[in-house]
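Single-structure report; data block below.
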Amino acid sequence: MPIFALYDINNCYASAEKLFSPKLKDRPVVVLSSNDGCVVARSAEAKALKVPMGIPWFKMLDLARQHGIVALSSNYELYGDLSNRVVSVLRQFTPHLEVYSIDESFLSLDGFSHLDLEDYGRAIREQVLQWVGLPGCVGIGLSKTQAKLANFLAKKGLAGSDGVCNLLSMPSSLLDDLLGRIEVAEVWGVGRKIDAQLQSMGITTVKDLRDADPSMIRQRFSVVLERTVRELNGVSCLELEEFAPDKKQIMVSRSFGQYAYSFSELSDAVATYTSRAAEKLRSQDSMATALLVFIETNYFRQDEPQYHNSFRLTFPEATSDTRELVQYALEALRRIYRRGYGFKKCGVMLTEIRPKEAVQASLFSPAPGESRSDKIMSLMDDINGKWGRGAIRVAAVSAEHPWAMRRERKSPNYTTRWDELPVVLAK
DNA sequence: CTATAACTCTCAA
DNA sequence: CTAACGTTGAGAGTTATAG
């Protein structure tokens with residue numbers, strides 16, 4: 001039987017910020033989403049103050065002032081770099097690992113059952129804490145869903161206080177007792193809708209769901225939730241995905257820091273996002289045959305005129321060339337743009353993605369091998385890799401972006417940018 | 001009618 | 001000083017469309 005461990009960084013973004021800013025120790029810290037919009041991470045102190053997840057920052061200014069809550073813009077460069085460091089430590093503990101998200105990894109502990117798994121979990125936590133500086137918890141179980149659940153118990157201190165929980169060694173009476181006291185919404189895969197439906201059926205705790213009849217669950221819900229039930233019972237249905245498959249769609253979208261009104265502002269944004277999407281596309285050696293562009297006004301201001309539209313366009317031939325993709329995207333934008341609206345958000349989605357070796361060439365396309373376009377694109381990617389994103393770009397992307405997202409409270413990129421390092425030299 | 005495409009819903013971090 | 005509410009991707013299931 002497989003054994004899974006889930007390692008999860010505690011309050012990931014908030015912990016990352018505290019790591020480099022000792023002044024923040026013991027202070028309530030929150031990290032904000034793009035545009036400094038909503039709270040997406042909270043330190044333990046902020047959670048203790050009941051700061052809700054996802055609350056718009058401007059709605060909690062009073063609370064923040066009252067308690068001296070520190071709010072920071074998200075610094076994804078920093079979190080991404082720290083995340084990579086954590087993963088490299090975790091890899092020392094297992095040959096098979098799945099990076100599930102920026103702050104979570106599943107570790108296969110198959111064949112480790114001769115060890116004391118709780119000791120092993122503690123060793124993992126301590127090593128990450130010592131080498132990277134970030135705190136985390138470890139949950140161990142017979143399936144990914146069990147490992148998630150165990151991690152939850154560890155984080156809440158419901159199964160000991162050392163940040164590790166191993167369901168395999170827990171007496172079943174104790175487990176039943178615990179699961180009977182945890183809301184079913186905590187289960188991985190149970191979101192808002194399914195929770196409401198389960199509640200109405202009298203399934204309110206994790207224990208209720210674990211003990212439900214899988215075939216009934218399949219009938220009333222779906223095969224997905226049926227698998228969840230089986231996984232809760234220790235029957236692994238979801239495998240470790242060590243190697244992330246290529247993306248089937250690539251999306252770049254963002255809200256604007258301030259409204260964009262004119263076609264030229266929007267086309268600038270669309271070209272910018274398309275360029276970024278094309279970079280992602282090339283980084284997995286793929287080509288796309290279609291794209292979708294969408295533009296939106298501000299949903300939250302129903303007093304203002306509303307307009308949302310999108311346009312999907314299929315190309316005559318697959319491409320990964322930023323120049324072509326930008327032309328297509330701007331063509332799509334022309335089809336939907338309307339004057340007189342303040343636009344708050346736009347996005348570009350590349351679809352019908354295939355590996356570049358697998359694309360059907362047209363009758364007139366050049367012979368296989370590295371094309372002129374490929375060479376130009378790799379040159380662009382090299383230059384931007386060395387000198388920073390946007391160092392070389394298509395002309396549709398301007399140098400100044402008045403609509404760029406607000407990020408007024410960003411900490412320095414301590415680990416990835418020499419010039420942002422706040423070095424204090426000897427006098 | 002069937003196979004596929006397109007769209008909707010739900011979830012997750 | 002004021003206004004201010006995220007992003008990206010997957011999979012399942014349903015509906016529309018093409019042949």
Side-chain angles (χ1 to χ4, degrees), chain A residues 6-13 30-42 52-62 64 71 73-74 76 79-80 83 98-106 144-145 148 151-152 184-198 217-228 237-238 241 244-259 273 276-277 280-281 284 289-290 292 294 296-304 310-312 314 342 344-353 403 405-409:
Chain A
L6 177 69
Y7 178 89
D8 187 332
I9 301 170
N10 297 344
N11 315 324
C12 179
Y13 300 172
V30 300
V31 178
L32 305 177
S33 64
S34 291
N35 262 323
D36 295 341
C38 301
V39 170
V40 295
R42 304 155 297 163
M53 185 63 159
I55 187 180
W57 171 239
F58 74 90
K59 286 191 177 174
M60 53 169 289
L61 291 179
D62 283 342
S73 306
S74 326
Y76 286 105
Y79 313 147
S83 170
E98 171 185 341
V99 178
Y100 175 68
S101 74
I102 194 162
D103 68 333
E104 289 177 53
S105 290
F106 287 105
K144 285 180 160 183
T145 307
K148 279 281 226 182
N151 192 284
F152 174 82
V184 71
E186 300 295 344
V187 173
W188 190 37
V190 176
R192 231 181 27 223
K193 285 285 170 71
I194 292 178
D195 179 38
Q197 223 172 320
L198 287 171
I217 293 290
R218 179 176 196 143
Q219 276 208 331
R220 305 275 287 264
F221 296 87
S222 69
V223 63
V224 182
L225 197 64
E226 180 196 6
R227 284 199 278 255
T228 298
C237 306
L238 305 171
E241 290 168 28
D246 287 346
K247 306 253 179 281
K248 297 172 187 170
Q249 55 180 32
I250 290 172
M251 161 109 109
V252 178
S253 78
R254 211 131 302 173
S255 302
F256 302 139
Q258 53 181 263
Y259 286 129
Y273 299 170
R276 181 71 195 109
K280 293 187 189 180
L281 182 68
Q284 63 170 43
T289 316
L292 178 135
F294 68 86
E296 295 175 352
T297 49
N298 189 349
Y299 279 105
F300 294 99
R301 293 295 301 269
Q302 291 297 323
D303 54 320
E304 296 175 355
S310 67
F311 192 83
R312 201 189 113 92
T314 303
K344 183 62 177 168
K345 182 176 183 180
C346 78
V348 176
M349 191 195 294
L350 303 180
T351 59
E352 290 179 44
I353 291 172
W403 40 264
M405 73 165 159
R406 271 189 307 278
R407 248 178 138 186
E408 289 164 3
R409 307 154 168 275

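No experiment lies behind these values; they were computed from the predicted model shown. All chains are named by letter (A, B, ...) in the order of the sequence lines, taking the proteins before the strands, and each is independently numbered beginning at 1. Values below: every heavy atom of this structure, side chains too, minus hydrogens, waters and symmetry copies.
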Task: Atom C1', compared across dG6(C) and dC11(B): separation rounded to whole Å - done: 16 Å

Task: Which residues share a salt bridge (charged side-chain N to carboxylate O under 4.0 Å, His left out) with Glu304(A), sequence neighbours left out - done: Arg301(A)

- [ ] Just jot down the side chain to side chain contact (heavy atoms under 4.5 Å, CB included) partners of Arg218(A), sequence neighbours excluded, or say none.
- [x] Val223(A), Glu226(A)

Open item on the list: Give me the atom names and distance for the closest heavy-atom approach of Asp36(A) to Arg409(A).
Closed with: OD2-N, 4.1 Å

Open item on the list: Could you work out, with side chain to side chain contact (heavy atoms under 4.5 Å, CB included) as the rule, every residue matching Arg407(A), not counting sequence neighbours?
Closed with: Ser73(A), Glu77(A), Met405(A), Lys410(A)

Open item on the list: Going by ring pair (Phe, Tyr, Trp, His ring centres under 6.0 Å), name the residues that satisfy it together with Tyr13(A), two or more places apart in sequence or in a different chain.
Closed with: Tyr76(A), Tyr79(A)

Open item on the list: Restricting to ring pair (Phe, Tyr, Trp, His ring centres under 6.0 Å), what partner residues turn up for Trp188(A), sequence neighbours left out?
Closed with: Tyr100(A), Phe106(A)

Task: Annotated protein contacts, base or backbone, on nucleotides 6-19 of chain C with a non-hydrogen cut-off under 4.0 Å, one of B, S, - each - done: SSSSSSSS------

Atom pairs, protein N/O to nucleotides 10-13 of chain B N/O, distance under 3.5 Å:
from, atom 1, to, atom 2, distance (Å)
dT10(B), OP2, Lys193(A), NZ, 2.6
dC11(B), OP1, Gly191(A), N, 3.1
dC11(B), OP1, Ile194(A), N, 2.9
dC11(B), OP2, Arg192(A), N, 3.3
dC11(B), OP2, Lys193(A), N, 3.1
dA12(B), OP1, Gly189(A), N, 2.3
dA12(B), OP1, Val190(A), N, 3.1
dA13(B), OP1, Lys148(A), NZ, 2.4
dA13(B), O3', Ser101(A), OG, 3.0
dA13(B), O3', Asp103(A), OD1, 2.6
dA13(B), O3', Glu104(A), OE2, 3.3

TODO: Tell me what Ile9(A) touches on the nucleic acid: a base, only sugar-phosphate, or nothing, going by heavy atoms under 4.0 Å.
DONE: nothing

Open item on the list: Could you spell out the base pairing of DNA chain C as a dot-bracket line? Use Watson-Crick and G-U wobble contacts where both distances are under 3.5 Å, [ ] for crossing pairs, | for partners on a different strand.
Closed with: ......|||||||||||||

Open item on the list: Measure CG/Asn298(A) against P/dA4(C) and give the value in whole Å, please.
Closed with: 7 Å

TODO: Would you please name every residue forming a ring pair (Phe, Tyr, Trp, His ring centres under 6.0 Å) with Phe300(A), sequence neighbours left out?
DONE: none

Open item on the list: Among residues at least two apart in sequence or on other chains, which ones pass side chain to side chain contact (heavy atoms under 4.5 Å, CB included) with Phe58(A)?
Closed with: Pro56(A)

Open item on the list: Going by the rule side chain to side chain contact (heavy atoms under 4.5 Å, CB included), which residues pair with Leu61(A) if we only count those two or more places apart in sequence or in a different chain?
Closed with: Trp57(A), Arg65(A)

Task: Exercise: identify the closest heavy-atom pair between Val184(A) and Asp195(A) - done: CG1-OD1, 3.4 Å

TODO: Take the protein atom CZ of Arg301(A) and the nucleotide atom C1' of dA3(C), then report the distance between them rounded to whole Å.
DONE: 8 Å

Task: Neighbour count >12 (heavy atoms, 6.0 Å) for atom CD, Gln219(A) - done: no

TODO: Begin from the C-alpha positions of Tyr7(A) and Asn151(A) and carry the test side chain to side chain contact (heavy atoms under 4.5 Å, CB included) through to its verdict.
DONE: CA-CA 7 Å; Tyr7(A) 178 89; Asn151(A) 192 284; 5.8 Å; no

Task: Shortest non-hydrogen contact between Leu6(A) and Glu104(A), atoms and distance - done: CD2-OE1, 3.6 Å

List, with names and distances, any nitrogen or oxygen atoms from the protein found under 3.5 Å away from nitrogen or oxygen atoms belonging to nucleotides 6-8 of chain B.
none

